[in-house]
Amino acid sequence: MSERYDHQAVEQRWQAAWEEQGIDQTKADPARPKWYALTMLPYPSGDLHAGHWYAMTPSDAAARFRRMQGYNVFFPVGFDAFGLPAENAAIKHNLHPKKWTYDNISRMRGQLRQMGAMWAWDHEVVTCDPDYYKWTQWFFLRLYEAGLAYREFAPVDWCPGCNTTLAREQVVGLDRLCERCDSPVVKKELNQWKFRITRYAEELLTELGALAWPERVKTMQTNWIGRSEGAEVVFSVQPTTDCPEGSTISVFTTRPDTLWGATFLVLAPEHPAVSALTPPSHRASVTAYTEAAQRLDERTRTATDKEKTGVFTGAFAVNPATNQSVPVWIADYVLMGYGTGAIMAVPGHDERDYEFAHKFSLPIVTVIEPPLGTTAPTGAYSSKTEGTLVASGPFTGTPVSEAIPRVAEWIEGQGFGKRTITYRLRDWLISRQRMWGTPIPMVYCARCGEVPVPYEALPVALPDDAAFKPTGESPLKYHPTFRHVSCPRCGNAAERETDTMDTFLCSSWYQYGYISPYWKKGEVIHRDDTPWDPAAFSYWAPVDQYTGGIEHATMHLLYTRFFSKALRDIGLYDFSEPMIRLVNQGMVLGPDNEKMSKSRGNVVNPDDYVRDYGADTVRGYLMFLGPWEQGGPWDPSAIEGISRFLHRTWRLVLEEVAAEPGSRAEGTTTDVGKADSLVERRMHQLIMRATDGLSDFRFNTVIAGFMEFANLLSRERGSVSGSVWRTACRTLLQLMAPIFPHITEELWHRHGEKGSIHRSQWPVADPEKAKEDTITIVIQVNGKLRGEISAAPGTPREQVEAAVRSHPAVGKWCDGKEIRKLIVIPDKLVNVVV
RNA sequence: GCCCAGGUGGCGGAACUGGUAGACGCGCUGGACUCAAAAUCCAGUUCUGGCAACAGAGUGAGAGUUCGAUUCUCUCCCUGGGCACCA
């Protein structure tokens, strides 16, 4: 009896050997094709959990597969190390977030090594290292120079009790209370930095088409960018005693064709024109409404099932098409951040406007008739393709489909509006009133205004001695030397920006940071430096295969695309998209099919399973539990299946080695020949299946294929010849190597192979040898399965038809009735219709 | 609420472009081995009726297209992800 599979000994031995041999170190080699495989970098939260294993080990398997296919593979790892949890921990335990973060990182490095992944540790980056974030600051300055960064007032959620800005997750419940002190949260306008991502809206949209990304992500980004074609229409405000000279209100509409039906205007409560418009008689109610609206979050405001609210401002405007006077209202379902912050309400043909008009008894006018024969709906008829304009001046009688562009053109010609395109996408607000982030390299000087920190003075470093008070307010504001500086331009006393950057900036360029980590470490940098090693960059960039959670579909994945385009436009390279291919994995859930969380008590600790079963088993289990893109529950008992499979494979391969090749070919010659061709055929089929499956991240069915083949081998072990057996085992090990790197390496060497299995050449299938010699053709009668026949592939239709007509099942089920039709799908099925 | 996914045996899932529903694994049942257990191996396992052969039903619900629908279309229900300061 041979030695049992001891996962601990095997995994320790090979992890040490690989490290010693430097097998996973990566070097640019222009003579070889490159493959940059990237997995979203982890946040160092403290412990590696099941989700990290689920995100990382399958992408490692895919990277290993590419390496065996002959690519020079780069598979780096690092840490997205700035963020809110470190500050929370700092306040709670009165320590510096840096200490908490780096302690977590060193712990997680050890856990990451247990995965047996082919990480390029020699390229690791940590985003909170000053030699990393000096480049984040350099990018900020270059974007600022390019006009892509600007400052304006924007609201934040503010806790008056803690005197600090709150993140969304710190605002609790529908009452919107502070999670620390339960004070009601208010909105506060702060002067903050933004990036002009909207300048790239069109390009971000159109270039999605060429990306090898999942359709679901492309759709989500398309909707997130939310391009709408329409028109801006200018309404003049009717002069009154309070508002003597006619000002104007510009509205955005996607339905300029309904202009004749616009019976009132609605402004966002925070619209800047509101206070000037509102006469004293209406001021109290308008102010009260505006204040109430600002307490609500956007999702509640725009919920279509929420009862509409609003107040009349007391002002009137003039519909430029009808010259009729229309009242001006404010309502919270109109948002300042979209379009112009004002709409023309067409209650006849817009559902929300209809509800509003209905509730407040405002006039509803029909300007579109549905097509004949269609019954008009009870509410607003809003089809964009069908119907005809009525009571619409020169356009009466025009079909809706033509009217939209024609009316827009007419509006432009009349001089009271213009055609425009708006996007739902908003500029990226990057200011954070927090300490543990990349400082924004700006100084405010009473004389010079906003002054960028000179490139040579980077990094603007975070102080190591900041005091954390339980108020949560950024300690940068109170630090004695950080805030008060001299102006880089005039030398007078000035103030440094104390806000830091959104951590999404750090992760918008890290894929380039990995290529030459901490480039120009410790050196003074200049505006015209390249932020990376140019030779290595031109070899490795961009990323060939990106993987990460679907939850990043719209934010991170849009930000990094924007960043890549902006860097292209400042002349750093000439490609446009950072990641050519993308695959998003789903989530591992707890055994109860719910999201893992401490409060639910369903958290699975992968370390325990690695200790009991080994990394290979955990890797294989995670890849077997379901389609990777879908995720699924971690079922603690199902892991036994993979464990058994690996033990069985161990015995299968080793027992052969102990015997003489060919020694079990004792049976008859015909048996050996039959078994050999069967095993060979299945082996070539398996190579095809594994190659396709690993290319497409369909690990679960690939593993099922391994099991089927191993089951076949153990069934046929007595009748197959030695050389076929040996090739079959060798091939199986190679195909399994990306998913199960340790056990396959061990068995590879015990099988007498030299060199690492991971540097061996991926098996190539011979499609001829994979072909079946007989196939089953299914017989259906009226779509129901009634029998089957065997035939050689490619049997002519006439022969198949004849065989089917004479088949006993057909006679029985047709029961003397006439055969109306015979549908023949070659090599698959015949359906008899009677 | 809006956008995007998903819903198949007791459980996780499989089924390439519309063509044998349930591969593979877990669990369960029976058997072999054992003093016994564990481990391992063999057989069975969608549901209903039947000793069986076999018949009928069946992929969240309802409709539709088709010779044929888990797959395509529409409506609805449920679950998950995202909704711009968690990362």
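Order of the sequence lines sets the chain letters (A, B, ...), proteins ahead of strands, with each chain counted from 1. All values derive from a computational prediction rather than experimental measurement. Heavy atoms only: backbone and side chains are in, while hydrogens, waters and symmetry mates are out.
Picking from B:C67, B:C86, B:A39 the nucleotide with the shortest atom distance to the side chain of A:L84 gives B:C86. Proximity note for A:P633 (side chain, C-beta onward) versus B:G13, B:G19, B:C2: the nearest is B:G13. Distance from the side chain of A:L785 is smallest to B:U20 among B:A84, B:G1, B:U20.
Between the NE2 atom of A:H556 and the P atom of B:A84 there is a distance of 18 Å, given to the nearest Å.
Between the side chain of A:N223 and the base of B:C3 there is no donor-acceptor pair of N/O atoms closer than 3.5 Å. Between the base of B:C67 and the side chain of A:R820 there is no donor-acceptor pair shorter than 3.5 Å. Within 3.5 Å, a donor on the side chain of A:Q433 pairs with an acceptor on the base of B:C85, or the reverse. If you check distances only, the side chain of A:Q192 does reach the base of B:C85 with a donor-acceptor pair under 3.5 Å.
Judged by distance alone, the side chain of A:H52 and the main-chain N or O of A:H49 form a donor-acceptor pair under 3.5 Å. No donor-acceptor pair under 3.5 Å is formed between the side chain of A:T617 and the backbone N or O of A:I642.
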Shorter than 3.5 Å, N or O on both sides, protein versus nucleotides 70-81 of chain B: list them out with atom names.
| unit_1 | atom_1 | unit_2 | atom_2 | d |
| --- | --- | --- | --- | --- |
| B:G81 | OP1 | A:K595 | NZ | 3.4 |

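Nucleic acid contact for A:F624: base, since at least one base atom lies under 4.0 Å from a heavy atom of the residue.
Between A:P85 and A:L625, the one whose closest nucleotide on RNA chain B sits nearer the 5' end is A:L625. Take the nearest nucleotide of RNA chain B for A:R432 and for A:E215: the residue whose nucleotide is more 5' is A:E215.
Just one of A:Y132, A:W100, A:Y133, A:Y43 meets the ring-ring contact (aromatic ring centres under 6.0 Å, His included) condition when paired with A:F82; it is A:Y133.
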